[in-house]
Amino acid sequence: MAKESLTLLGHFLALRRVLIVCAMSVFVSFVVIFYFAVDVLMAMIINPIKARGIEIIYTAMSEALVTKIKVAFVAAVIISSPVIIWQIWSFIKPALYPNEERFFKLTFAASLVLFLTGIFFCYGAVYTLAVDFFLIAGENLATPMLSLDMYIGFIFGFIIPFGLAFQLPVLLYITTRIGWTNYVMLASKRKYVILAIFTVAAILTPPDVLSQVALGLPMLALYEAGVQISRFAGKSRFATHELNS
């Protein structure tokens, strides 16, 4: 009983260390970004609007400062994500077998790359199109006066879902490896998945058709990629099961 308590205490201490390191990583990144890079980030975020001759306003005394803090914090979390993932990996690694270690290494690396790819893809290829769409939709109807806080909230609500949606191949890979899904099942459910994807896209994105399609189509392509990945993941799972037997 004492040995079990000691083991449990060791797990709690290891978890506390992971949380402290992750929090410190985010905090240090936040301080560096806020004091040295937040103005550059703000200029990058606002540029799609200013390039079209529209000024951003703020309507509350603290709005500009609070918005900078939000941007610096989100950037700090993104910058710190490799450290956070590494700490999570170090916490679960002792409980894994060698073949499971390879599985989780691949999963964590792919998850990070896909998340960042989704964010940069959205900002570089989709967001500017969405800005043009909204501005054209309001043309000759009213003069745009965009609040800084509302605009930043909109862009985060637009970009972050892309990073999350790009995790779909990893999710399908994991569910196939643990036996919840397989290639035949995923391939046979395409028509239901298409409906589900565009429903999720409608929930995650701002309420307009362009945003929903812009997120739905990449998610559909990622699903197809995940279906093909599941074919190889299923074979790998079967081979691993045979080896362990």
Side-chain angles (χ1 to χ4, degrees), residues 48 74 77-78 81-82 84-86 88-89 92 96 99-134 154-244:
V74 172
V77 172
I78 294 174
S81 57
I84 295 172
I85 290 176
W86 178 259
I88 296 173
W89 164 249
I92 66 175
L96 300 177
N99 61 316
E100 293 175 328
E101 286 188 26
R102 292 191 295 271
F103 165 66
F104 275 94
K105 281 180 180 179
L106 176 63
T107 302
F108 279 135
S111 178
L112 176 60
V113 170
L114 286 171
F115 180 74
L116 296 178
T117 300
I119 289 177
F120 287 116
F121 169 78
C122 177
Y123 182 79
V126 179
Y127 184 68
T128 54
L129 296 177
V131 169
D132 289 334
F133 173 81
F134 288 124
F154 171 80
I155 192 172
F156 283 162
F158 195 93
I159 289 179
I160 298 301
F162 272 79
L164 298 176
F166 270 56
Q167 303 298 306
L168 188 56
V170 173
L171 177 63
L172 296 181
Y173 175 73
I174 292 174
T175 56
T176 300
R177 284 297 301 265
I178 63 180
W180 290 359
T181 60
N182 56 65
Y183 170 74
V184 175
M185 184 185 79
L186 294 174
S188 65
K189 303 295 184 182
R190 277 190 177 92
K191 58 183 179 181
Y192 304 108
V193 171
I194 292 173
L195 177 61
I197 281 176
F198 282 96
T199 300
V200 171
I203 294 172
L204 292 179
T205 58
D208 67 278
V209 176
L210 177 64
S211 301
Q212 295 163 12
V213 173
L215 179 57
L217 290 180
M219 284 182 67
L220 186 57
L222 290 166
Y223 177 78
E224 291 298 332
V227 169
Q228 299 306 315
I229 290 172
S230 72
R231 178 187 300 190
F232 299 102
K235 292 179 181 178
S236 176
R237 176 174 175 268
F238 179 76
T240 301
H241 177 74
E242 289 294 316
L243 183 62
N244 291 337

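Computed from a prediction, not measured in an experiment: that's the story for all the values here. Computed over heavy atoms, backbone and side chain alike; hydrogens, waters and symmetry mates excluded.
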### Query
To the nearest 0.5 Å, what is the distance between CD1 (Ile197) and OH (Tyr192)?
15.0 Å

### Query
Is the number of heavy atoms from other residues, nucleotides or ligands within 6.0 Å of CZ (Phe156) greater than 12?
yes

### Task
Provide the closest heavy-atom pair for Ile229 versus Tyr173 in the form atom of the first, atom of the second, distance.
CG2-CD1, 3.7 Å

### Message
Show the nearest heavy-atom pair for residues Tyr183 and Gln228, with the distance to one decimal.
### Response
CE1-NE2, 4.1 Å

### Shortest non-hydrogen contact between Pro82 and Leu112, atoms and distance
CG-CD2, 4.0 Å

#### Entry: Ser111 OG to Ile174 CD1 distance, which is reported to the nearest 0.5 Å
7.5 Å

### Query
Where do Arg190 and Ala187 come nearest, in terms of heavy atoms and distance?
NH1-O, 3.1 Å

### Query
How many angstroms lie between CG in Asn182 and CG in Leu172, if you round to the nearest 0.5 Å?
11.5 Å

### Query
If you round to the nearest 0.5 Å, how far is SG of Cys122 from CD1 of Ile155?
8.0 Å

### Leu186/Thr175 under side chain to side chain contact (heavy atoms under 4.5 Å, CB included): CA gap, chis, key distance, verdict
CA-CA 11 Å; Leu186 294 174; Thr175 56; 5.6 Å; no

### Query
Heavy atoms, side chains only, cut-off 4.5 Å: are Val227 and Tyr223 in contact?
yes

### Point-to-point distance, once rounded to the nearest 0.5 Å, from OG1 of Thr107 to CD of Gln167
10.5 Å

### Message
Which heavy atom of Ile160 sits nearest to which heavy atom of Phe115, and what is that distance?
### Response
O-CE1, 4.5 Å

### Query
Any idea which heavy atoms bring Phe198 and Gly216 closest together, and the distance?
CE2-CA, 3.8 Å

### Query
At what distance, to the nearest 0.5 angstrom, does CD1 of Ile194 lie from CG of Leu217?
10.5 Å

### Query
Does Phe121 have its ring centroid less than 6.0 Å away from the ring centroid of Phe166?
yes

